[in-house]
Amino acid sequence: MGRMKITVLSGGVGGARFLRGLRDAVTADDEVTAVVNVGDDMWLTGLRITPDLDSIMYTLAGENDEERGWGRVGESERVSAELRAYGVGWPWFTLGDLDIGTHLTRTHLLREGLPLSEATARITSRWPLGVRLIPATDDEVETHVITDGGPMHFQEWWTRHRASIPALSFEYRGVAASTPAPGVLDAIAEADVVIVAPSNPVVSIGPILAIPGIREALASTPARVVGISPIIAGAVVRGMADACLAAIGVSTSADAVAVHYGARSRGGVLDGWLVDESDAAAAAAIEAAGIRAQVVPLWMRDAESSAALGRDALAAAR
Ligand code: FO1
């Protein structure tokens, strides 16, 4: 097998773990590109924060806080304490000191006029990640959650309220006027394999698919498009994705999420869908929706099981 081009649509934590495993599963000749959600991004105390890009970068660099799931390992929070004392920012959202170094760099580059994709290339060049990271768009597209009390930024709903306020719907603010970042459409069109990471379908993959041009690129790529279920044994693997699925009327099951994405042959995005062994019974419903179902172990427990999942996803796409 020669050089392979693999493009992954990804959100933060789950996508980051998958990408780390995939990197271990490919050879040095292969080229892995991650098209990353920006819907969680925001301006805070003058800084542009991009949680999903940063989660992936820190994870691939071995610099992430594994226990907490986000931010840098060995982090301190002195600057955040000062911001709190001044009464600026979000007191429920902590920026670590090392992490702030990343945000200062990004904001500096943006203010010099670089688009986010170029700022990201500059920032990620610090580490040998083994994966090229491209924001799905250079435009500011931020997810807002519509609740009974009005809309709020996704980050406020998720981090401050822990998704406990019922979400009526989600709005990807600015998405209609957005365009894919340079390299995104080519990464999909020229891929040998496209993988939808086991990320939140509503607030991680949803905002990527809503950017005009991306669905069309997925529809026309000669590559096979294979997704990995973020649901195992009828439960979300991490986070509070079930609250997001409920809001869009999708039940928390491996087959319901596959049907939500839809078969590429029927106007959706998927050719194949990987489900966990505990969800083998869901395979029939997935196949009935026109999507090839593959039953494999999905738990990314350690480096070995994560790499095995990467190999399984590649095998499913051949
Ligand atoms: N999550 C939290 O639960 N509390 C925080 O204070 C927090 C800070 C934070 C700072 C930078 C960053 O990149 C991520 C951060 N996260 C925090 C995680 C983030 O809110 C979400 O988990 C993701 O955006 C959802 O994918």
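Everything numeric in this text was worked out from a predicted model, so none of it was measured. All ligand and atom numbering here is 1-based and tracks the order in the structure.
- For the salt bridge (charged side-chain N to carboxylate O under 4.0 Å, His left out) test, residues two or more places apart in sequence or in another chain that qualify with Arg264 are Asp271.
- Note on Val35: it clusters hydrophobically with Val269, by side-chain heavy-atom contacts below 4.5 Å among ILVMFWY residues.
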Which N/O atoms of ligand 1 sit under 3.5 Å from a protein N/O, and at what distances?
from     : atom 1 : to     : atom 2 : distance (Å)
ligand 1 : 1 (N)  : Trp70  : NE1    : 3.3
ligand 1 : 3 (O)  : Arg162 : NH2    : 2.7
ligand 1 : 6 (O)  : Thr94  : N      : 2.8
ligand 1 : 20 (O) : Gln155 : OE1    : 2.4
ligand 1 : 20 (O) : Thr159 : OG1    : 3.1
ligand 1 : 24 (O) : Asp40  : OD2    : 2.8
ligand 1 : 24 (O) : Gln155 : OE1    : 3.4
ligand 1 : 24 (O) : Gln155 : NE2    : 3.4
ligand 1 : 26 (O) : Asp40  : OD2    : 3.0

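- Within the structure, every pair that satisfies the ring-ring contact (aromatic ring centres under 6.0 Å, His included) test and touches residues 240-290, not counting sequence neighbours, is listed here: Tyr261-Trp273.
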Pair up each side-chain donor or acceptor in residues 144-155 with any protein partner under 3.5 Å, not counting sequence neighbours, and list the distances.
from   : atom 1 : to     : atom 2 : distance (Å)
His144 : ND1    : Glu142 : O      : 3.3
His144 : NE2    : Arg173 : NH1    : 3.4
Thr147 : OG1    : Gly149 : N      : 3.2
Thr147 : OG1    : Gly150 : N      : 3.4
Thr147 : OG1    : Gly150 : O      : 2.7
His153 : ND1    : Gln155 : N      : 2.9
His153 : NE2    : Asp41  : O      : 2.9
His153 : NE2    : Glu142 : OE1    : 3.3
Gln155 : OE1    : Thr159 : OG1    : 3.0
Gln155 : NE2    : Asp40  : O      : 3.1

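- Using a 4.0 Å cut-off between charged nitrogen and carboxylate oxygen, Arg311 and Glu304 count as a salt-bridge pair.
- Placement of Ile123 and Leu104 in two distinct hydrophobic clusters is found when ILVMFWY residues are connected by side-chain heavy-atom separations under 4.5 Å, directly or transitively.
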